[in-house]
Each structure stands twice: as C-alpha cells, then as structure tokens.
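Written below as structure tokens is the structure these notes are about.
Just so it is clear, the model here is predicted, and its values are computed rather than measured.
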Amino acid sequence: MLTSVLLPIALAIIMFGLGLSLTTGDFARVARMPKAVLVALGTQVVLLPVICFGMVKVFGLAPALAVGMMLLVASPGGTTANLFSHLAGGDVALNVTLTAVNSVLAVITLPIVVNLSIAHFLGDSGQLGLQPAKMLQVFAIVLVPVALGMLVRSRKPGFADRMERPVKIGSAVVLALVIFAAIYTERDNFLDYLAAVGLIAVLLNVISLALGYVVPRVAGLGERQSIACSMEIGIHNATLALTIALSPALLNNSEMATPVAVYGIVMFFPTALVAYILGRRAKLRGATTPAV
C-alpha cells in the first residue's frame, strides 16, 4: 500500500507544490542566463554521473546498491536547494530556473542513466530497467503535477502564495516518512548497508557541492550564481529517487532505495556547513551578480 499508492501520491503532491512556485517566466529566464544554466546542467547531468560511477567502482558496492547510487545522482535537484541557496546568499531565481528545467530534462536523462547502470551492474538479471511504458509513468508523476501546479498559480496566484509554506513543510515531512519507510523495509540489513554506502553518500554530497561551486566559478560565473549552482547540484530529489526505486510499477527494489535513504539523511549536515561557509564568503566579498 505504501509503495504502490501512498508514495507516488506523496511525490505528486511535492511536484504539485513545485509547480505552484513556478511560472512560464522561470523557463523563459534560460534565455537571459544561458551560460549559467548550461554550466550547471552540464555539471549535474554529465559530469556528476561520471564521477559517481567512478566512486561506485572504487568502493566496490554491491550491484543493487551501485544502481541506487546512480539513480540518486541522476535525479534532479530538490526544492530544498532554494532554501539553502537563500540562506547562503545565492541567486535563488537561478535555482528556481534550474529546478524547473532539470525536472523536465530528468524525464529523459534519468531513465538513460538508470538503464545503463542496470545493464552494467546487473546484466540481464530481473529485467528491471525503466522501459518505455515505465518512462511514461515517470513522466506522469514528475511533470503532470508540476504542470497542474503552474496552472493553479496562473489562475489563483494568491492561493499559490498562501500554500507555499505549508507545501514546503509537508514536503519535508513526506521526505522524512519516505526515508523511514525505506529504512524500515530493509531494517534487517540496514546497518550493513549503512556501513557500505554511508561514506560514499557523504562524499557524493560534498563533491557535488564543491563541483557545483568550482565549475561555475572557473567558467566565469559570479559568486551568487555559483552558490546557487552548488546548492542545486548538491541536493538531489530524494523523494523522486525513492519513489522510482520502491514503486512496484517501476524498479520495485528496496535495496536500491537504501543509498537514497542514507543520502536523504546525511546530506543536510555537509550542505548546511557549505551554505554557511559560502554565505560568509559572499558577505565578506560583498558579492554582486555580473551579467552573463
């Protein structure tokens, strides 16, 4: 009941909440800051999965855990990135644009990364991949609620504004419940899995945050934009990854969900520290956002 009905509904509510915070202008903003968007998405969609694959190989993770890590890294940025970016002095408008664009892009890129990972780590065992019919389900649970949320905002902007805080609180509660459910499902093996994936989950978070800041800076983006990229790339949509891993209609594999659940717990500590450090640096430098 939890994984087949409640989990997809919970994700749909979260994505609907994301839609309530978006307008068509958030997508149009890409044309005004193409360099920032391309650098961030290139880092997140191309560079990060390659690095995660290398880490998984070095750590020698069990096949299902390795696929779980690749599923996590292929997931788009989470809405929590907007909050951390705000606290760190980042360009929150850029965060909103990146979240919007990446959520659409992930409908294509996520199944590709997951299917390649399953083929590499699991071979032909279990026929687990996200085939076209399953990709349509991913499309439905990701983009349809977002589109509905955007429609509501366009028609009822006052209602959308009033719902922003309750939806954020509800999303945090849902994520906590989903993580608990994933851990409970694998409770007999969780300590072993934690020992196997705890360190790599922390390292992935730290590396994601670092790359998200350093690559944009090297590419010539401003401080506030680089902070926004760091938060967006460092925080993944764990609820989406857990839904795909646990749903009987999709991957239906609780072991794959374990790295995501662990990441969902540990990511807040390095992210909060990095946000504090970057926020301090931005204040000391009196950072401004240059034209891109």
Side-chain angles (χ1 to χ4, degrees), residues 36 39-41 43-44 47-49 51-52 54-56 58-59 68-69 72-96 98-99 102 168-169 171-176 178-180 182-183 193-219 221-242 258-289:
V39 169
L41 293 181
T43 303
Q44 187 163 11
L47 183 57
L48 207 54
I51 290 175
C52 184
M55 293 172 64
V56 163
V58 168
F59 275 77
M69 286 298 299
L72 171 66
V73 81
S75 299
T79 54
T80 312
N82 298 351
L83 172 61
F84 278 105
S85 182
H86 172 71
L87 295 175
D91 185 345
V92 178
L94 175 58
N95 280 107
V96 173
L98 290 174
T99 299
N102 206 8
K168 285 182 179 179
I169 295 173
S171 298
V173 172
V174 166
L175 176 59
V178 169
I179 290 173
F180 174 79
I183 292 172
Y193 290 158
L194 180 62
V197 302
L199 179 57
I200 191 173
V202 173
L203 284 176
L204 177 64
N205 183 221
V206 172
I207 290 172
S208 300
L209 291 164
L211 280 176
Y213 179 79
V214 172
V215 172
R217 290 298 284 165
V218 171
L221 298 185
E223 180 78 6
R224 293 186 66 232
Q225 290 184 324
S226 298
I227 291 173
C229 292
S230 175
M231 297 299 113
E232 192 70 29
I233 293 168
I235 300 175
H236 297 279
N237 190 333
T239 312
L240 172 61
L242 285 169
T258 304
V260 184
V262 172
Y263 181 90
I265 296 171
V266 303
M267 71 175 182
F268 291 102
F269 303 101
T271 303
L273 178 60
V274 171
Y276 173 76
I277 293 172
L278 291 178
R280 293 269 303 174
R281 283 165 54 89
K283 288 180 181 178
L284 290 174
R285 291 183 177 185
T288 59
T289 306

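The shortest distance between side-chain heavy atoms of H236 and S208 falls below 4.5 Å. Side-chain contact between S230 and L278 is present, with heavy atoms from C-beta onward closer than 4.5 Å. Side-chain contact between P270 and N205: present, with at least one pair of heavy atoms (C-beta onward) separated by less than 4.5 Å. For the pair M55/I51, a side-chain contact is recorded, criterion being any heavy-atom separation below 4.5 Å from C-beta on.
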Using the side chain to side chain contact (heavy atoms under 4.5 Å, CB included) rule, take M231 and L209 through it: C-alpha gap first, then chi angles, then the decisive distance, then the call. CA-CA 6 Å; M231 297 299 113; L209 291 164; 3.8 Å; yes
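Residues passing the side-chain contact (heavy atoms from CB on, under 4.5 Å) test with F59, sequence neighbours excluded: L61, L199, I200, L203. Scanning for side-chain contact (heavy atoms from CB on, under 4.5 Å) contacts around V266 gives A201, V202, V262, with sequence neighbours left out. A search for side chain to side chain donor-acceptor pair (under 3.5 Å) contacts involving S75 returns nothing, not counting sequence neighbours. Remark: E232 pairs with N95, T99 by the side chain to side chain donor-acceptor pair (under 3.5 Å) rule, at least two apart or across chains.
When all heavy atoms of A81 and I235 are compared, the pair lying nearest together is CA-CD1, 3.7 Å. A pairwise comparison of heavy atoms in P216 and C229 identifies CG-CB, 3.7 Å as the closest pair. For the residue pair I227 and Y213, the shortest heavy atom distance occurs at N-CD1, 4.1 Å. Contact detail for L240 and P76: the closest heavy-atom pair is CD2-CD, 3.5 Å. S226 and R217 get closest at one heavy-atom pair: OG-CD, 3.0 Å.
Of the options L211, V73, I233, a side-chain contact (heavy atoms from CB on, under 4.5 Å) to Q44 is made by I233 and by none of the others. Exactly one of V92, L94, D91 qualifies for a side-chain contact (heavy atoms from CB on, under 4.5 Å) with S85. That residue is V92.
If you take CG on L72 and CG on L242, they are separated by 8.5 Å, rounding to the nearest 0.5 Å. L204 CG to L48 CG: the interatomic distance, rounded to the nearest 0.5 Å, is 6.0 Å. Rounding to the nearest 0.5 Å gives a distance of 13.0 Å between OH of Y276 and CG of L87.
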